[in-house]
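A short write-up of the structure that comes next.
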Amino acid sequence: MIRPFNRARNVGIDLGTANTLIYIAGKGTVLSEPSVVAIDLNTGKLVEAGQEAHRMLGRTPGDIRTVRPLRDGVIADFDAAELMIKSFIEKGNEGRRLMAPRLVVGIPSGVTGVERRALRDAALVGAREVYLIDEPMAAAIGAGLPVTEPVGTMIVDIGGGTTEVAVISLCGVVTCESLRVAGDEFDDAIRRYMKKVHGLLIGERTAEEAKVCLASAFPGDENEALTLEIRGLHLASALPRTVTISSVEIREALGESLAMIVDLIKRTLERTPPELASDIAQRGIMLAGGGARLKGISDLVAHETGIPAHLAENPLECVVLGCARVLEDYGRLSRVLDTQISG
Ligand code: ADP
Ligand code: MG
């Protein structure tokens with residue numbers, strides 16, 4: 001049977017270091033789950049993927065291993081990445097296999113050529129076509145930036161494992177810088193601070209909660225003057241204890257990480273050709289990714305660079321929405337893709 005071309009389902013995938021999102025044309029964003037899989041070491045088979053696997057992190061028996069395949073913005077475990085993609089597509093399609101989908105997969109810009117090729121081959125099994133796109137480009141499209149026009153725009157994507165900064169013009173990435181400091185490192189910095197200043201050991205989840213509820217990156221933002229009770233293990237007494245901390249303390253804890261992100265933005269601006277840099281100075285800097293939801297971060301970036309900074313409307317979904325837009329508007333946007341491999 002010859003299947004008409006337009007019957008193929010368009011699918012966008014954001015393969016993030018922290019979260020993977022799937023968009024199916026006609027259905028919208030159907031899945032958003034942590035980029036984690038649990039694998040049975042004896043059989044090599046997938047035990048759980050996403051939320052369920054995330055709950056198993058640090059709690060598995062000896063023969064099950066939990067893996068975050070893209071943790072640092074490179075593919076740390078290939079087989080795990082492949083299992084994760086397949087499991088998520090199926091889950092996003094209500095447990096049924098999608099027939100010959102057309103995939104656009106957003107990947108961190110640090111993924112190498114060899115890894116790209118292997119990933120494409122892996123994703124290709126069962127797909128009609130697979131295209132890869134650099135995540136900053138996808139994020140820019142998803143955030144509504146005019147990437148096809150001859151104007152410079154800057155996107156800053158603060159994810160879990162990496163922050164990526166890119167300057168885009170005429171469908172191309174002009175300059176791009178990446179740093180392994182993002183949301184996960186914010187959590188770690190809060191944990192280190194609590195240990196050093198309050199002698200309190202706290203878990204990853206507690207640190208993340210403190211960040212989301214309390215962090216304030218810039219004086220006078222919404223979270224200024226909030227406090228929160230944090231539970232942890234008091235080191236000196238080896239007993240659980242609750243400590244009240246303020247948003248100002250969290251700002252202090254995050255100071256160094258935030259300064260590194262600001263420096264990365266400044267460095268990228270310095271490397272940007274003058275015409276494009278002046279476009280950016282006029283139009284502003286666009287912030288995307290879950291880490292950019294940290295309160296006050298756009299004020300901080302604007303203050304430090306002297307350039308207006310805006311948070312994208314839907315920071316967590318920018319990449320997957322950008323992938324979907326490329327498929328919908330293929331004629332105009334295909335130039336932003338890596339070269340295609342057909343199935
Ligand atoms: P990736 O693209 O690397 O998978 P995401 O864009 O999904 O990452 O962002 C995940 C990060 O965003 C996590 O570190 C998470 O803690 C952080 N995050 C999500 N919501 C908020 C929030 N409201 N405030 C601060 N950080 C947040
Ligand atoms: Mg991302």
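The structure displayed is predicted, hence computed values, not measured ones. Counting starts at 1 for both ligands and their atoms, following the listed order.
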Single hit among I168, L287, I285 for side chain to side chain contact (heavy atoms under 4.5 Å, CB included) with I155: I168
E82: partners by side-chain contact (heavy atoms from CB on, under 4.5 Å), with sequence neighbours left out: K86, A122
Which other residues end up in the same hydrophobic cluster as L170, if Ile, Leu, Val, Met, Phe, Trp and Tyr are linked when side-chain heavy atoms come under 4.5 Å apart? none
Inter-residue atom distance E33.CD - S87.OG, 0.5 Å rounding: 8.0 Å
Inventory of protein N or O atoms under 3.5 Å from ligand 1 N or O:
residue  : atom   : partner : partner atom : Å
ligand 1 : 3 (O)  : T17     : N            : 3.1
ligand 1 : 3 (O)  : T17     : OG1          : 2.5
ligand 1 : 3 (O)  : A18     : N            : 3.3
ligand 1 : 3 (O)  : G160    : N            : 2.9
ligand 1 : 4 (O)  : T17     : N            : 3.1
ligand 1 : 4 (O)  : A18     : N            : 2.7
ligand 1 : 4 (O)  : N19     : N            : 2.7
ligand 1 : 4 (O)  : N19     : O            : 3.3
ligand 1 : 6 (O)  : G290    : N            : 2.8
ligand 1 : 7 (O)  : N19     : ND2          : 2.7
ligand 1 : 8 (O)  : G160    : N            : 3.0
ligand 1 : 9 (O)  : G290    : N            : 3.3
ligand 1 : 12 (O) : G291    : N            : 3.1
ligand 1 : 14 (O) : K211    : NZ           : 3.2
ligand 1 : 16 (O) : E208    : OE2          : 2.5
ligand 1 : 16 (O) : K211    : NZ           : 2.7
ligand 1 : 18 (N) : G290    : O            : 3.2
ligand 1 : 20 (N) : R293    : NH1          : 3.3

So which of I158, L258, V212, N223 actually passes side chain to side chain contact (heavy atoms under 4.5 Å, CB included) with L294? L258
Which residues end up grouped with I64 if you chain together Ile, Leu, Val, Met, Phe, Trp and Tyr wherever their side-chain heavy atoms are less than 4.5 Å apart? V47, M56
